[in-house]
Amino acid sequence: MSRAVIAEARHPGGNGGVLFSSRIRYGGDYNPEQWSRNIWVEDIKLMAEAGVNLVTVGVFSWSMLEPSEGQFCFEWLRDVLDLLHASKIGVDLATPTASPPPWVSVDYPESLPVDERGVRYRHGSRQHLCVLSPDYRRLAHRIVEQLASEVGDHEAIELFHVHNEYANHVPFCYCPQHEAAFRAWLARRYGSLQEVNEAWGTTFWSQRYSSFEQIIPPQHTPTWVNPGQQLDFRRFSSDAFFNAFQDEVGVLRRTRPDVPVTTNLMGLFEPLDYFEWAPWLDVLSTDNYPNPADPDAPVNSAMHCDLVRSLNKSLPWMVMEQSPGRVNWQMRNVAKRPGEMRAYSYQAIARGARGLLFFQWRASRSGAEKFASGMVGHSGTKSPVWSEIVALGHELGGLDAIGEAVVMADVAICFSWPSWWAMEAPCQPLNELSLRNQLLWVYTPLYRRGVTVDFCRPDEPLGNYRAVLVPSLYLISPAEAANLVGYVFGGGTAVVTFWSGIVDPIDRVYLGTYGGPLRGLFGGEVVDVTPLPDTEQVDLEWCDGTTTKASTWIDLIDEEDGEVLARVSSGPWAGRPAVLRARRGAGCVFYLGTRLDSAGLARVFDAIFDIAPAISPEQASDKPGLVERVVRRDREFDFEFLINHGPRVETVTLLEPDGTELLTRAHVERSFVLAPQGVAIVRRPRS
Ligand code: GAL
């Protein structure tokens, strides 16, 4: 992997804005190669009926574009692009490299990835590729070059879509190419074997390496593999996919520098450090599949949208895939109920999305995903989904007004992929501690209050946020810590939770009381920690004498200068501080040494809202959990989005009275009624 290639391919600034200049983009994955030409003609007629203006073409077309090595076949694709263009439907042209044709794996078996036990995968599904295989890379590069030179100048193309869901299905490959590249990566990162040995603490369990050749990826071992080795292998694997991505991007940008580039991300997807990827895109896009059977799906999905928007705050973002109805990859694939697809679509729009695409346009007749719902289902336009698709397409066509209005986020949540990887490596005090769960723990009450959140890397400028939440930021560099400390001393309010500041970037524990370079913020000394048995809760007594519950974990805290807001009041650790508040510089830190229940967390957030008046207590939704509220703002107007995810009619109250509801064009005063799955977008001039 050469970083030089990556640097060359960089496209500063991004040019994704052109894609959305005048309209919300609407459409889906279009796989015409599965159908005959007369169906294409019908498809295009139906797309026009539904207000479709962007379709992704070619995602899995490699075997149709290059049926045997070096024999290319682009006529059908040109025909499809012509038909779409004639009907003014834009194209998001995908590179087909996520599923090599069978001839690739038969003729070049080393293009197939190898699993942790050394077994090679075979073809017959998709993503059967090793991103570091020279054969795969050469063939992938060539099909992308061919695609770009054969059809890249077609006027229908408005966006390039690189690959599909990088690292999905096979996030790690353990083949000899990966092994050799991992060593080279380590040599570059550390400079010497001595440094690798130091970083991984290899004197433990006699793991000391006397030559680079002895180093292997963390594979099938009798028991826990070295966590430093594992963390570095995760970094290396994320880089390997990134390098393959950059290779394709380079080809596309050389051919059509004017066409923006994206790849479909997957929200909180653990294997890839999307914060590293995001600066290299022109448009952020994501695949979001909330599960209709999960009562927490609205909050999970909101968090997904906020995360993707936040990956690069200067780029537009869009939903690249969502399901019109059912998916087919769960055990029980419950369909979205009437109105639910629309509600999730507006959730994304509320959180800044500029486009909504579905997987897929027409439900397949055969193949592994034949029962995944389509915008056009197996029963064609008779499927109830179709009328919802058409209605939404028309509604979105009238919504240009929202345009570039920015999402107003007063609060940031800090996290990083390396910290996630390191914290979820084995042999932790609490191996069930999940970062996703920790993020949701602090995100959910804010969602319920209608407080919109950005996600930030720990080293990102934070000064514009009224509050910054730091849930279990286990791994932290001194520079990241300095950024957080600087934010607080400069007047910010931070909420830092247990298991933050524990290790340095190479996973070595910061010695002394826990917290490392963050410990000066806590207001107490974390002298040790203990998880709680999984069914056990403890009582916390707050300074006003009331109690709430806590679970999961207890930091054993010695008092310092911080004000003790709550103490453990039951069990063996009774008397220990559990929640602290410390004034630092012009700012303030809340330290949570345990997992507060929702009542306890609400107390902390109530106190923060007092300190940071810009987050008005009124933003607390009057129907917590059911009605989602988001504000977007442009130069002249506020757009307040309200979405009822619940099963009942709700009366909702606006943050400020009087506005125009954009979907009905009705004037609304302070309160109005929102049906189940109902959506309102109230525009009012900025006061
Ligand atoms: C996505 C994938 C699509 C399709 C879809 C089905 O993860 O990108 O190709 O498989 O899921 O829900």
Side-chain angles (χ1 to χ4, degrees), residues 27-35 54-64 92-101 123-129 131 159-171 241 244-245 248 262-272 274 277 281 283-294 297 300-301 304-305 307-308 317-336 340-341 344-345 348 355-378 383 385 389:
D29 267 29
Y30 183 37
N31 298 304
E33 63 273 36
Q34 296 175 14
W35 302 97
L54 186 70
V55 291
T56 302
V57 178
V59 185
F60 294 110
S61 304
W62 194 345
S63 67
M64 295 294 285
D92 164 32
L93 184 68
T95 68
T97 53
S99 196
H123 60 271
S125 65
R126 64 175 176 185
Q127 296 280 7
H128 47 283
L129 56 97
V131 276
L159 179 65
F160 285 128
H161 175 301
V162 179
H163 199 87
N164 191 67
E165 294 186 337
Y166 272 101
N168 196 4
H169 310 317
V170 188
F241 282 104
F245 162 72
E248 295 196 24
T262 192
T263 184
N264 48 344
L265 309 175
M266 289 170 279
L268 265 179
F269 178 65
E270 192 182 356
L272 302 181
Y274 287 155
W277 289 52
L281 299 167
V283 174
L284 294 161
S285 69
T286 192
D287 297 351
N288 186 18
Y289 289 97
N291 177 359
D294 174 5
N300 269 292
S301 173
H304 181 133
C305 295
L307 171 77
V308 173
W317 80 275
M318 63 185 282
V319 175
M320 184 57 81
E321 290 181 26
Q322 61 173 342
S323 69
R326 244 184 4 243
V327 294
N328 75 325
W329 39 263
Q330 286 154 350
M331 274 313 284
R332 191 177 286 238
N333 297 290
V334 175
K336 286 178 177 163
E340 201 167 7
M341 177 277 283
Y344 279 116
S345 297
L356 296 171
L357 270 59
F358 294 84
F359 178 85
Q360 60 177 329
W361 164 253
R362 184 181 280 278
S364 303
R365 183 162 195 197
S366 44
E369 295 191 320
K370 59 183 176 298
F371 293 119
S373 58
M375 298 164 83
V376 181
H378 290 147
S383 128
V385 167
I389 289 285

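Each ligand, and each atom within it, is numbered from 1 in the order the structure gives.
- Using cut-offs of 30° and 60° for the angle between ring planes, the Tyr274 and Trp277 rings count as perpendicular.
- In this structure, the separation between CG on Leu265 and OG on Ser285 is 5.5 Å, given to the nearest 0.5 Å.
- Note: Glu165 CD to Glu321 CD = 5.0 Å, rounded to the nearest 0.5 Å.
- Partner of Ser364 under the side chain to side chain donor-acceptor pair (under 3.5 Å) criterion, chosen from Glu369, Gln34, Lys370, His378: Gln34.
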Give a table of atom pairs where an N or O of ligand 1 lies under 3.5 Å from a protein N or O.
unit_1   : atom_1 : unit_2 : atom_2 : d
ligand 1 : 7 (O)  : Glu165 : OE1    : 2.6
ligand 1 : 7 (O)  : Glu165 : OE2    : 2.6
ligand 1 : 8 (O)  : Asn164 : ND2    : 2.9
ligand 1 : 8 (O)  : Glu165 : OE1    : 3.2
ligand 1 : 8 (O)  : Glu165 : OE2    : 3.2
ligand 1 : 8 (O)  : Glu321 : OE1    : 3.1
ligand 1 : 8 (O)  : Glu321 : OE2    : 2.8
ligand 1 : 9 (O)  : Arg126 : NH1    : 2.9
ligand 1 : 10 (O) : Arg126 : NH1    : 3.2
ligand 1 : 10 (O) : Arg126 : NH2    : 3.0
ligand 1 : 10 (O) : Glu369 : OE1    : 3.0
ligand 1 : 10 (O) : Glu369 : OE2    : 2.4
ligand 1 : 12 (O) : Trp329 : NE1    : 2.8

Practice problem: Take Thr97 and His163 through the test side-chain hydrogen bond (donor to acceptor under 3.5 Å, both in side chains) and record every step on the way to the result. | Solution: CA-CA 5 Å; Thr97 53; His163 199 87; 2.8 Å; yes
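- Between Arg326 and Phe371, the shortest heavy-atom distance links the atoms NH2-O, 2.7 Å.
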